[in-house]
Amino acid sequence: MDITANDQDSVTVVSIQGSVDSMTAEAFLMAMQTYLGQGKNRLIGDLSGVNYASSAGLRAILATLKESRQKGGDFRLAAVQPAVLKVLELSGFTSILKIYPSTDQAVASFATEG
Amino acid sequence: MEQVAQVTVPGRMDSLPTLLEFVENECGKLASDGLITFAVKLAVEEACVNIIQYGYPAGNAGAITVTMLADSERLKVIIADRATPFFPEEAPLPDLTASWEERRSGGLGWYLIREMMDQVEYEAGVNGENRLILTKALK
């Protein structure tokens, strides 16, 4: 798994490549907590390069979502691949997370909130 | 149903890459639909992580053997261990409707195994061995 972050206006787009599973979830969560610790609490996870996620990955996503919202921000997902989306749906995460077809749309969703 | 492949690894987290690569390769040869391979890989990861984290005591890991069997219609994956037996029917179901503040992620692993597989059977402690038998249609 590779993670790169890119600030766009007041939003941080975090691009993840690879799998978010029991081997990588901890590194994913640590990276997200680093951004949150820097005051970047409006986060977008660009999952266009994520082809696999398991419950360990979901736990890390949930922890990131909670921490960002507790800090007044949000963690939104973009470009989620079909198999990963199915796991999110089955797990009931699509009812608590905002998911957008593209990162541009996810960035725009924050912009309209001011 | 014919055995197509088998692998035995130590029941430790650092065995997971070997196990998942094995599943991906072997399942990929049998299933034309990538979603089937995805589902089997996910189920095997969830089951093996449970064995490693809850079944085997830390520092004293036994083996995990994954056996794959198949015919033209179905794939069967048998995960065998000698850990403390676990009773999947007693696993708590995750609350999938709670608000984000109340949401807990416990129990998702077993829930996903059941959702992703067509059939899930568990034999606990037969001659000291537990067997989780996962079946998935190939079409």
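Lettering of chains follows the sequences in order, A, B, ..., and the numbering in each one begins at 1.
Atom OG of A:S55 sits about 8.5 Å away from atom CD1 of B:I113, to the nearest 0.5 Å. Annotation: the span from A:S54 atom OG to B:L108 atom CG amounts to 10.0 Å, rounded to 0.5 Å. Annotation: the span from A:E89 atom CD to B:E115 atom CD amounts to 12.0 Å, rounded to 0.5 Å.
Within the 4.5 Å cutoff, the side chain of A:S91 has heavy atoms near those of the B:L112 side chain. Within the 4.5 Å cutoff, no side-chain heavy atoms of A:R69 are placed close to those of B:E101. Within the 4.5 Å cutoff, side-chain heavy atoms of A:V87 are placed close to those of B:F38. Counting heavy atoms from C-beta on, the side chains of A:M23 and B:D14 never come closer than 4.5 Å.
Proximity to chain A (any heavy atom under 4.5 Å) is shown, for B:A39, by neither the backbone nor the side chain. Residue B:L42 touches chain A through both its backbone and its side chain, counting heavy-atom pairs closer than 4.5 Å. Within the 4.5 angstrom heavy-atom criterion, only side-chain atoms of B:Y111, from C-beta onward, approach chain A. Contact of A:D21 with chain B is made through backbone and side chain together, with heavy-atom distances under 4.5 Å. Neither the backbone nor the side chain of B:T97 comes within contact range of chain A, judged by heavy atoms closer than 4.5 Å. Heavy atoms of A:L62 lying under 4.5 Å from chain B belong exclusively to its side chain. For A:A63, no part sits under 4.5 Å from any heavy atom of chain B, backbone or side chain.
In terms of heavy-atom proximity, B:R103 sits nearest to A:G92 at NH1-O, 3.1 Å. The minimum heavy-atom distance between B:A98 and A:I96, with the atom names listed, is O-CG2, 3.8 Å. Shown here for A:Q70 and B:W100, the closest heavy-atom pair between the two residues is N-CH2, 4.3 Å.
With chain B as the partner, the residue from A:A83, A:P82, A:S19 showing the most heavy-atom pairs under 4.5 Å is A:A83.
By the criterion of side-chain heavy atoms lying less than 4.5 angstrom apart, applied directly or through intervening Ile, Leu, Val, Met, Phe, Trp or Tyr residues, B:I133 is not grouped with B:I36; the two fall into different hydrophobic clusters.
Within a 6.0 Å radius of CD in A:Q38, more than 12 heavy atoms belonging to other residues, nucleotides or ligands are found.
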